Amino acid sequence: MTSQVLDDLKEEDEEEEEDEEGCVNPTEVKMSQIVMPCHCNHQQELSVGQLLKWMDSTACLSAERHAGSLCVTASMDDIHFEHTISVGQVVNIRAKVNRAFSTSMEVGIHVSCEDLFSDRHWRVCHSYATFVTQRTNTGQKVTLRPVVPQTQREHVEYSVAAERRRVRMLHSDIVKELLSSGSVDGVAAEKTRVESVELVLPPHANHQVNTFGGQIMAWMVNVATIAAR
Ligand SMILES: CC(=O)SCCNC(=O)CCNC(=O)[C@H](O)C(C)(C)COP(=O)(O)OP(=O)(O)OC[C@H]1O[C@@H](n2cnc3c(N)ncnc32)[C@H](O)[C@@H]1OP(=O)(O)O
């Protein structure tokens with residue numbers, strides 16, 4: 001077993017210990033999926049689009065559990081995928097609300113993989129998504145109650161979430177400014193251009209009858225994959 005896998009296992013163990021502190025976080029949602037060929041790309045590995053769909057729906061449940069009302073995905077932060085996942089392996093996704101602001105909240109999402117027959121677990125990726133409460137029928141904003149962190153780990157996440165939000169907004173402003181000023185260095189992008197037109201059908205919708213954020217990310221991954229080739 002490589003040292004990387006051992007490190008990952010240790011990290012998972014530490015996370016489990018955290019769970020064993022006896023505190024049940026009411027916003028925590030866990031979802032497990034066995035990877036089947038229909039979830040995979042042409043290389044028989046779990047497609048990133050499918051994984052993003054699962055991450056988004058798990059995080060959405062966590063957000064709505066905290067909000068007590070419908071929420072939409074506003075953004076998902078950078079994700080670094082550390083391992084591929086194969087057919088027959090189990091994907092475990094854990095999501096919980098780290099901090100609620102006014103109408104938005106940060107949801108932490110951990111993805112790990114499990115080989116049922118060797119009892120090995122390893123970390124796949126970790127990300128933060130921001131969910132926003134949907135306005136009421138009369139257009140009123142729905143304000144969130146605060147999150148009360150219990151464990152030491154939750155206290156750390158709670159504190160750092162405010163800083164991550166500041167950086168997230170700054171980053172978004174910088175990108176908007178760069179694009180509007182046209183100061184991005186020219187790349188012969190035309191040759192890599194890929195466009196996709198998708199007809200939104202019932203299987204693409206969520207329980208709010210909107211296109212799922214995860215579905216949109218999956219479509220984005222498809223065109224990006226073709227463009228990269
Ligand atoms: C579960 C699903 O899959 S839903 C489907 C996929 N998602 C969607 O369709 C969302 C589409 N987007 C939207 O509806 C809107 O752009 C929204 C709700 C995200 C933001 O609407 P706006 O009118 O811009 O809202 P407004 O400026 O009032 O900001 C509301 C909150 O969202 C936060 N927010 C807005 N945009 C972003 C963003 N890109 N990233 C993080 N937070 C954001 C704001 O900081 C604010 O938080 P606060 O109330 O805690 O201070």
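Computed from a prediction, not measured in an experiment: that's the story for all the values here. In listed order, ligands and their atoms are each counted from 1.
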Salt bridge check: are R120 and E114 linked by an N-O gap of less than 4.0 Å?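 Not counted as a salt bridge, because no side-chain N and carboxylate O are separated by less than 4.0 Å.
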
Using a strict cut-off of less than 4.0 Å between a Lys/Arg side-chain nitrogen and an Asp/Glu carboxylate oxygen, indicate whether E157 and R164 qualify as a salt bridge.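 Result for this pair is yes, salt bridge flagged.
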
In terms of relative ring orientation, are H207 and F212 parallel, tilted or perpendicular, with 30° and 60° separating the classes?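 Correct class here is tilted.
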
Distance-minimising heavy-atom pair for E154 and N25: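 Taking every non-hydrogen atom into account, OE2-ND2, 3.1 Å.
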
Indicate the atoms forming the closest heavy-atom contact of V35 with C40, along with that distance.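 Closest approach of V35 to C40: CG1-SG, 3.7 Å.
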
Does any non-hydrogen side-chain atom of V29 lie less than 4.5 Å from one of R65?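 Of all side-chain heavy-atom pairs linking V29 with R65, at least one is under 4.5 Å.
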
Under a 4.0 Å heavy-atom cut-off, which residues neighbour ligand 1?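 Those residues closer than 4.0 Å to ligand 1 by some heavy atom are D56, C60, C71, V72, T73, A74, S75, F101, S102, T103, S104, T130, V132, K141, R165, M169, N206, T211, F212, G213.
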
